[in-house]
Protein chains: 2
Amino acid sequence: MSPVLPLPVTESDHDNCAATGILRLVGQKWTVVLLALLAEQPYGFNELDRTIHGVSRRILTRTLRHLEQENLISRVRTPQRAEYTLTDAGRTLLPLIIALGEWAADHHTRRP
Amino acid sequence: MSPVLPLPVTESDHDNCAATGILRLVGQKWTVVLLALLAEQPYGFNELDRTIHGVSRRILTRTLRHLEQENLISRVRTPQRAEYTLTDAGRTLLPLIIALGEWAADHHTRRP
DNA sequence: CTGTATCCTAGCGGATACTG
DNA sequence: CAGTATCCGCTAGGATACAG
């Protein structure tokens with residue numbers, strides 16, 4: 001009898017649901033790419049800017065801030081350097097994203 | 001040595017990555033709610049419109065179309081009735097979304 | 001080097017009236 | 001009942017110049 005997903009259906013409930021925040025965050029364009037990079041090593045700002053081809057500095061900044069607000073990454077600012085690192089919480093999210101990626105690979109509905 | 005996530009870093013690669021499509025789809029506002037409802041039983045259009053409080057008919061239509069394009073749901077149109085049903089592929093996605101929801105519940109960074 | 005400020009476009013999401 | 005048409009605001013995303 002219990003619903004498959006414990007999910008609300010009214011709008012206010014929707015906005016208060018814990019899942020929606022993270023879901024809409026990972027749905028943003030560069031979130032997964034950033035997490036993937038930071039999973040291997042810390043990065044500086046320009047380092048990320050150069051490594052990720054196609055992102056603008058503005059969006060890069062904002063996406064990093066969002067990730068920081070959700071405690072997925074941490075930022076340590078020193079003169080001439082900002083170091084972005086994946087947090088433990090961020091690390092626990094990786095397997096879920098990997099699983100989603102694998103699912104997508106299996107079910108990739110290629111539309112021409 | 002292999003990267004944690006097999007993810008590209010250029011923009012063209014980004015757009016061709018199978019994961020991005022599904023990620024950006026589930027990141028949309030009503031996707032998860034729809035999947036959750038259809039997981040339990042088929043629904044008609046107005047039935048969904050009435051059950052989900054806060055969605056507009058336009059967005060409801062578009063979200064359903066997106067889900068249909070990704071083969072997560074199927075639509076059977078008969079006179080006076082459109083029946084939306086979760087596909088097998090859609091059903092395999094549920095555990096992943098549930099896992100994400102649980103992750104969010106555990107790490108819900110409530111920012112006031 | 002690490003951002004912010006400014007300006008722009010496109011698409012999401014919404015409200016509502018109308019059509020088959 | 002099941003949508004579409006039309007309108008609108010907001011925000012994601014981008015380009016680029018400037019600032020600390």
Side-chain angles (χ1 to χ4, degrees), chain A residues 8-17 20-34 37-38 41-70 73-85 111, chain B residues 9-15 17 20-34 37-38 41-70 73-85 111:
Chain A
V9 172
T10 74
E11 181 151 35
S12 55
D13 286 346
H14 178 280
D15 294 340
N16 292 335
C17 176
T20 58
I22 187 62
L23 282 170
R24 290 178 77 85
L25 175 57
V26 297
Q28 288 186 26
K29 188 163 181 178
W30 299 107
T31 296
V32 173
V33 174
L34 282 173
L37 286 175
L38 297 178
Q41 55 168 349
Y43 276 85
F45 184 83
N46 269 17
E47 226 175 336
L48 288 170
D49 192 24
R50 267 181 279 107
T51 308
I52 307 175
H53 198 49
V55 70
S56 71
R57 310 164 72 70
R58 203 178 85 83
I59 297 306
L60 181 55
T61 302
R62 196 177 56 195
T63 309
L64 287 168
R65 292 292 183 279
H66 287 172
L67 289 168
E68 195 184 358
Q69 281 172 28
E70 296 277 350
I73 67 174
S74 69
R75 176 173 65 130
V76 177
R77 184 68 155 95
T78 60
Q80 307 306 317
R81 170 81 177 173
E83 183 142 301
Y84 292 95
T85 317
R111 37 175 173 1
Chain B
V9 171
T10 74
E11 182 150 34
S12 56
D13 286 346
H14 178 280
D15 293 340
C17 176
T20 58
I22 187 63
L23 282 170
R24 290 178 77 85
L25 175 57
V26 298
Q28 288 186 27
K29 188 164 181 178
W30 300 107
T31 297
V32 173
V33 174
L34 281 173
L37 286 174
L38 297 178
Q41 56 170 329
Y43 276 86
F45 184 84
N46 271 15
E47 225 175 334
L48 288 169
D49 192 24
R50 266 179 282 107
T51 308
I52 307 175
H53 199 49
V55 71
S56 70
R57 310 164 73 69
R58 202 177 85 84
I59 298 305
L60 182 55
T61 302
R62 196 177 53 194
T63 309
L64 288 168
R65 292 291 185 279
H66 286 173
L67 288 169
E68 196 184 358
Q69 282 171 27
E70 296 276 351
I73 66 175
S74 70
R75 177 174 63 130
V76 176
R77 184 70 156 93
T78 62
Q80 306 306 316
R81 172 79 177 173
E83 183 144 299
Y84 292 96
T85 316
R111 38 175 176 1

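Below, chain A is the first sequence line, B the second, and so on; all start at residue 1. All values reported here derive from a predicted model rather than from experimental measurement.
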Can you tell me which nucleotide in C:dG3, D:dC1, D:dG3 comes closest to the side chain of A:Ala82?
C:dG3
Rounded to the nearest Å, what distance is computed from the CG atom of residue A:Leu64 to the P atom of nucleotide C:dT2?
11 Å
Return the CG to CD distance between B:Leu64 and B:Gln69, rounded to the nearest 0.5 Å.
11.5 Å
Along nucleotides 5-17 of chain C, 5' to 3', which nucleotides get a B, which get an S, and which get a -, given that the test is a protein heavy-atom distance under 4.0 Å?
BB-----SBBB--
N or O in side chain of A:Arg77 less than 4.0 angstrom from C:dC1 OP1/OP2:
no
For A:Asp49, check side chain to side chain donor-acceptor pair (under 3.5 Å) against everything at least two apart and list the hits.
A:Arg57
Set of residues satisfying side chain to side chain donor-acceptor pair (under 3.5 Å) with respect to A:Gln80, sequence neighbours excluded
none
On the nucleotide C:dG3, are OP1 or OP2 found under 4.0 Å from the side-chain N or O atoms that A:Tyr84 carries?
yes
Roughly what angle, to 10°, lies between the helix axis at the start of the helix from C:dC1-D:dG20 to C:dG20-D:dC1 and the one at its end, five pairs per end?
40°
Please state how far atom CD1 in B:Ile73 lies from atom C1' in D:dA2, giving the value in whole angstrom units.
14 Å
A:Arg75: partners by side chain to side chain donor-acceptor pair (under 3.5 Å), with sequence neighbours left out:
none
Tell me: CD of B:Glu83 to P of D:dC1, nearest whole Å?
15 Å
Checking side chain to side chain contact (heavy atoms under 4.5 Å, CB included) between A:Leu34 and each of A:Val55, A:Leu60, A:Ile73, which is the one that passes?
A:Leu60
Please determine, for the side chain of B:Arg50, which listed nucleotide (D:dA2, C:dT2, D:dC1) has the closest atom?
D:dC1
Separation of atom CG in A:Leu60 from atom P in D:dA12, rounded to whole Å
15 Å
Not counting sequence neighbours, which residues clear side chain to side chain contact (heavy atoms under 4.5 Å, CB included) with B:Thr31? List them please.
B:Leu25, B:Val26, B:Gln28, B:Leu35, B:Thr63, B:Leu67
I want to check one thing: is the phosphate of C:dT4, taken as OP1 and OP2, less than 4.0 Å away from some side-chain N or O of A:Arg65?
yes
When you check the phosphate oxygens OP1 and OP2 of C:dG3, does a side-chain N or O of A:Arg75 lie under 4.0 Å from one of them?
yes
In whole Å, I'd like the distance from the CD atom of A:Glu47 to the C1' atom of C:dG3.
16 Å
Min side-chain heavy-atom separation B:Arg77-B:Glu83 under 4.5 Å
no
Test side chain to side chain donor-acceptor pair (under 3.5 Å) applied to B:Glu68 - qualifying residues, sequence neighbours left out
none
For the pair made of CZ in A:Arg81 and C1' in C:dC1, what is the distance, rounded to whole Å?
10 Å
Between D:dG14 (P) and A:Ile52 (CD1): distance, integer Å:
11 Å
Using a 4.5 Å cut-off on heavy atoms from C-beta on, say whether the side chain of B:Thr61 contacts that of B:Phe45.
yes
Rounded distance (Å) that lies between atom C1' of D:dA19 and atom CZ of A:Phe45:
14 Å
